[in-house]
Number of protein chains: 2
Amino acid sequence: MVTMQDVAKAAGVSTMTVSNVLNHYPHVRDETRDRVLRAIDDLGYRVNVAARNLRAGRTNTIGFAVPEVDRPYFGQLASRIIARASAAGYRVVIEQTGADRETELSAIVSSRNRMYDALILSAVGLGTADRELLRVDFPMVILGETVFEGPVDHIALPNVEGTFAATRHLIARGSRRIAIVEGDDLLPPNVSSLRHGGYLRALRESGVEFDPALSVGIPELTMSGGRSAAERLVDSGAAFDGVVCITDTVALGVMRGLADRGVRVPDDVRVIGFDAIEEGEYSIPRLSTVDPDHDEVAALAVDLVLRRIAGDTEWQPREFVSSFRVVARESTA
Amino acid sequence: MVTMQDVAKAAGVSTMTVSNVLNHYPHVRDETRDRVLRAIDDLGYRVNVAARNLRAGRTNTIGFAVPEVDRPYFGQLASRIIARASAAGYRVVIEQTGADRETELSAIVSSRNRMYDALILSAVGLGTADRELLRVDFPMVILGETVFEGPVDHIALPNVEGTFAATRHLIARGSRRIAIVEGDDLLPPNVSSLRHGGYLRALRESGVEFDPALSVGIPELTMSGGRSAAERLVDSGAAFDGVVCITDTVALGVMRGLADRGVRVPDDVRVIGFDAIEEGEYSIPRLSTVDPDHDEVAALAVDLVLRRIAGDTEWQPREFVSSFRVVARESTA
DNA sequence: ACACCTGACTGTATCGATAAAGGAGTCGGA
DNA sequence: TCCGACTCCTTTATCGATACAGTCAGGTGT
């Protein structure tokens, strides 16, 4: 490996001068700079990022940890975070916490973190049990659906209110037998339990009866899960004319499952999702959804960690809830 | 920041002993190990990854650079790469090369690379002009649609053959007036020009006339682009009964655009995509597509870089082309 | 003539971890 | 009794870049 020393020797200067050239330090004679640059080029020198990071104590990188990289939701969120962070001169790398959440999450939080100046953690299913894990001396913000009384900043989605509004929307459009497709684990506080709460409240406040037979739990919030939930629902013979889906991804699966069973959307059944992923704008029919304002979430997340990186020690950890709006499209027409 | 020295002092041992404890070196007395672990816990020590990387000369991390993180295709590919790499004990981080490809790509390849032990570069639109850029002394594999006579390993998709097969599939199903929706830049060698070639060849070999009016270019290979292409196509008044789409994402947009214009798929027009993204299995109608065997691609990519990491200097850069199969679904029924 | 500044460099210590080598102590066998 | 092997731990050097202090020549102002 060719190092700065090699370049320095080749150019007949000290390593410090090479460093100065690389970092655009102004007081370097043009002729010297040229010699150094030529040497760099000749030898094919590249700065060693590990060494620079060690010395500088920073990496200029923000980590974004997500449970699954192949869910459109995270990709679209990542895209916004990258845009915001790169405007501030930071690079973002995405890392997957994955199926083996426990191990992975703790690995990222407790050891890899020093690869990043800050960590944005999208933590589906993070419980209060993880609180201690997050008690780290490190700029971090939790992004996600879980209500979390932890020692770090947390940006929540409007789970209860959003699902409340979504359910009300279905009722306003005329649905009365409203199903919900959600995670099969309703231990609070998690996404499903919160959204389930919003659904229940909307039913109650509208005087619509809650039928447990219309509540379908699935192990994973995927399209595949949504499809089989829809099939089970139809096959059960229970009458329903609306479905609240825990995420857009699930909703797309549900619409597919309904179509397979010959149920028409929105004619027979209205469907609404949550997240406003781009795919919902192009599905057939277009998917109505709850749009939690991802731009706001991304901007806030980045701004919060930047503030901590900048060393604002005054700042007290807070919980934020993004604003939202119901987007009515064809699936609830 | 609390360092190993601090831990060592607190535990009354040398830093090397702390290191040994952390790295599970066997010859440490239990009592000493406990003292060290207690000190680590008390002080909240975390190993500094930058220092370890510098010392070790490796990061145990593979970089995966993609043009856009919010395209399902890349997310799904990333997921497979992560699975394969983590089985080999490597971590993967995803990085976006982004809109400003020139700058970003060169930044990643030429300087950030030392953050990774290897780089898998998904390089849409990498031209022969970038050849010099890639002449780096660094384990790297190019993944993507471009034919590339470069100094590194390259895994190509079966662009020509796949699109050839897709077009033949439409013809076999009865289509004769077959449109193509592709990038507006057909400068070879890029995805669009190659796939365009496959399309043309299939038409020619089947004795079907090529009508330039049925060739629609879009600036970005997105759903939005696909939709407007479909609208333009219908509005132009040209008769067509089949559409070959350059990617599944574009195809989903095309199906949406056709639906908006009252054109039925597959009854009036058959549609086929390329990539086999998961969304196509759940769209209404389900999307026929060319499946390039992403598992094969991901596995090969990881294996190739691992071989280079392991120091196989014998290996000569090669170009691989993934196998594929046409997946017939409802959109071409 | 002197202090004082600025530009253009260089030398050295340092960031935090770890590999390599080696010292002290213990134990078993010849 | 002595030797080698083994365990447990320490010392030292090093990875590659950079902050900081400092050198030295040449100019400026008074």
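The sequence lines fix the lettering, A, B, ..., with proteins before strands; numbering per chain opens at 1.
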Which part of the nucleic acid does B/Ser14 contact within heavy-atom distance under 4.0 Å: base, sugar-phosphate only, or nothing?
->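 Since a base atom lies under 4.0 Å of B/Ser14, the category is base.
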So what does A/Thr32 touch, heavy atoms closer than 4.0 Å: a base, only the sugar-phosphate, or nothing?
->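 Sugar-phosphate contact only - A/Thr32 comes under 4.0 Å of backbone atoms but never of a base.
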Look at the side chain of A/Asn48 and the backbone N and O of A/Ala50, then say whether any donor-acceptor pair between them is shorter than 3.5 Å.
->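 Checking the backbone N and O of A/Ala50 against the side chain of A/Asn48, a donor-acceptor pair under 3.5 Å is found.
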Considering all heavy atoms of both residues, which atom of B/Val2 and which atom of B/Gly44 are nearest to each other, and what is their separation?
-> CG1-O, 3.9 Å
Rounded off to whole Å, could you give me the [atom1]-to-[atom2] distance for the [X] and [N] pair?
X       : N      : atom1 : atom2 : answer
A/Asn53 : D/dT18 : CG    : P     : 10 Å
B/Gln5  : D/dT10 : CD    : P     : 13 Å
A/Arg58 : D/dT18 : CZ    : P     : 10 Å

Quick one: how far along DNA chain C does chain A reach, first to last nucleotide 5' to 3', anything under 4.0 Å to a heavy atom?
->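 In short, chain A contacts DNA chain C from C/dG7 to C/dG16.
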Sidechain N-carboxylate O distance under 4.0 Å for A/Arg80, B/Asp70 = no
So, are A/Asp303 and A/Arg84 salt-bridged, with charged N and O less than 4.0 Å apart?
-> yes
Establish, with yes or no, whether the OP1 or OP2 oxygen of D/dT18 is under 4.0 angstrom from a side-chain nitrogen or oxygen of A/Arg52.
->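 Checking D/dT18 against A/Arg52, a side-chain N or O does come within under 4.0 Å of OP1 or OP2.
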Members of residues 16-30 of chain B that approach DNA chain C, where some heavy atom sits under 4.0 Å away =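 Nucleic-acid contacts, sorted: B/Met16, B/Ser19, B/Asn23.
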Hey, are the side chains of [X] and [Y] touching, using non-hydrogen atoms and a 4.5 Å cut-off?
X       : Y        : result
B/Pro67 : B/Phe74  : yes
B/Tyr73 : B/Asp275 : yes
B/Ile94 : B/Val69  : yes

Take B/Arg35 and A/Ala51, find for each the nucleotide of DNA chain D with the closest heavy atom, and name the residue whose nucleotide sits nearer the 5' end.
->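 First, find each residue's nearest nucleotide; the 5'-ward one identifies B/Arg35.
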Excluding sequence neighbours, so at least two apart, what forms side chain to side chain donor-acceptor pair (under 3.5 Å) with B/Thr61?
-> B/Arg91
